[in-house]
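Please read all numbers here as calculations on a predicted model, not as lab measurements. Atoms within each ligand, like the ligands themselves, are counted from 1 in listed order.
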Amino acid sequence: MIVTAGALSTDEVAERLGRVRERIAAAGGADRVAVLAVTKGFGAEAVRAAVGAGLPDVGENYAQELAAKAEEVAADRPGPRWHFIGRLQRNKVKLVAPHVAVWQSVDRLAVGEEIARRAHEATVFVQVAVTDEAGKGGCPPAEVPVLVGGLGRLGLDVRGLMAVGATGPAEEARPGFRRLRRLADDLGLAEVSMGMSGDLEVAVEEGSTMVRIGTALFGPRPVRRRM
Ligand SMILES: *Cc1c(COP(=O)(O)O)cnc(C)c1O
């Protein structure tokens with residue numbers, strides 16, 4: 001595997017993580033906000049650097065890419081805890097089910113049914129479409145209570161809600177983040193996964209419990225490779 005860009009040594013990632021943690025603290029989230037390392041676009045060495053830097057929770061967007069990296073690091077101790085954070089197709093659930101610990105992008109019952117079939121009592125988040133932008137995925141906010149109820153009846157452990165903030169200046173993401181937090185509170189869900197490298201402060205201010213960070217830890221992503 002050839003990887004040419006990014007900060008991929010444990011030391012570099014640890015240093016960048018320090019800066020991310022300072023940003024979180026400055027936004028009022030010290031001790032409350034977990035960091036998920038998003039390794040999409042990078043190879044297994046990024047996963048190892050994250051784990052080495054103290055970030056065992058690692059997120060991937062694409063099923064094949066997750067499966068390939070999971071196999072590469074399968075013998076590592078300690079290894080990562082994989083979170084699936086991308087568009088989830090029902091027919092890809094089988095491929096990643098042996099690896100995934102947390103399914104963050106469940107946005108419809110059919111996918112939940114497939115997860116429940118392959119991974120009993122799995123931990124899931126419901127992805128919510130908090131902006132009107134197409135292509136970001138997520139369940140319409142009005143349908144979230146019914147979906148959360150349905151996933152629970154499948155035996156899945158619904159831990160929280162997840163969203164991708166509006167594109168553009170970070171401040172643009174605030175109304176959506178606020179909406180996500182309120183929805184989670186209404187449903188009694190503890191976890192809210194929101195905030196990325198560019199908008200983490202706004203997300204933390206609005207009550208995020210987990211930010212998903214790629215670029216700020218690893219640098220710009222190389223052009224996506226098919227794995
Ligand atoms: C890529 C991605 C991230 C990380 O984005 P950065 O801007 O690189 O921090 C977080 N969440 C999701 C859903 C992503 O696709």
Side-chain angles (χ1 to χ4, degrees), residues 3 5-8 12-13 15-24 27 29 33-43 46-47 49-50 53 55 57-66 69 80-89 92 96 100-108 111 123-131 133-139 159-174 176-177 180-181 191-204 206 208-227:
V3 171
L8 299 170
E12 277 171 287
V13 172
E15 192 189 311
R16 284 159 174 259
L17 174 61
R19 272 179 261 146
V20 168
R21 291 232 156 98
E22 279 166 22
R23 290 173 61 191
I24 292 170
V33 180
V35 175
L36 177 72
V38 177
T39 49
K40 67 164 180 259
F42 293 101
V47 177
L55 293 175
D57 288 286
V58 174
E60 283 285 340
N61 289 59
Y62 303 101
Q64 271 95 347
E65 196 178 335
L66 188 154
K69 279 177 231 180
R81 260 167 55 87
W82 294 103
H83 293 233
F84 196 86
I85 63 170
R87 269 293 174 83
L88 189 50
Q89 288 163 277
K92 295 288 168 58
V96 292
V100 171
V102 182
W103 305 81
Q104 288 210 15
S105 47
V106 179
D107 62 0
R108 57 199 193 281
V111 165
T123 300
V124 302
F125 286 53
V126 167
Q127 184 175 352
V128 184
V130 293
T131 75
E133 293 161 54
K136 294 207 155 152
C139 175
R159 267 314 149 73
L161 304 181
M162 181 274 238
V164 177
T167 315
E171 204 52 46
E172 306 268 310
R174 189 181 297 278
F177 289 160
L180 191 74
R181 178 75 249 189
E191 298 289 334
V192 181
S193 168
M194 59 187 190
M196 317 196 328
S197 295
D199 58 16
L200 72 86
E201 284 87 353
V202 174
V204 169
E206 295 300 331
S208 175
T209 63
M210 185 187 296
V211 291
R212 306 179 308 270
I213 308 295
T215 315
L217 290 173
F218 305 110
R221 277 181 281 280
V223 175
R224 196 181 148 207
R225 298 157 298 159
R226 273 282 179 191
M227 297 182 61

Nearest to [atom], what protein heavy atom do you find, and at what distance?
atom                    : value
atom 1 (C) of ligand 1  : K40 NZ, 1.3 Å
atom 11 (N) of ligand 1 : R212 NE, 2.9 Å
atom 13 (C) of ligand 1 : I85 O, 3.6 Å
atom 9 (O) of ligand 1  : S197 OG, 2.5 Å
atom 10 (C) of ligand 1 : M196 SD, 3.2 Å

Test your reading of the model: is there a side-chain donor-acceptor pair from [X] to the backbone of [Y], 3.5 Å cut-off?
X    : Y    : result
E201 : R23  : no
S208 : A203 : no
Q104 : M162 : no
K69  : T39  : yes

Inset, instruction - Just let me know how N61 lines up against ligand 1, side chain, backbone, both or neither, with a heavy-atom cut-off below 4.0 Å. - result: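 The side chain, only.
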Legend entry - Short N-O contact, E22 and R19, less than 4.0 angstrom: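 Looking at R19 together with E22, the answer is no, because their closest N to O distance does not fall below 4.0 Å.
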Legend entry - Salt bridge flag under 4.0 Å for residues E12 and R16: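 Not counted as a salt bridge, because no side-chain N and carboxylate O are separated by less than 4.0 Å.
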Inset, instruction - Might you point out which heavy atoms bring V13 and A53 nearest each other, and give the distance in Å? - result: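 Minimum heavy-atom contact is CG1-CB, 3.9 Å.
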Legend entry - contact_flag R221 ligand 1 heavy-atom lt 4.0 Å: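 The answer is yes: ligand 1 sits under 4.0 Å from a heavy atom of R221.
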Legend entry - Subset of ligand 1 atoms that lie under 4.0 Å from at least one heavy atom of T215: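 So the answer, numbered in order with elements, is 6 (P), 7 (O), 8 (O), 9 (O).
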Inset, instruction - Considering the heavy atoms of I213, write down every atom of ligand 1 situated less than 4.0 Å from one of them. - result: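 Listed by number with element: 9 (O).
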Legend entry - G214-ligand 1 polar pair, N/O distance under 3.5 Å: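 Yes, since at least one N or O of G214 sits under 3.5 Å from an N or O of ligand 1.
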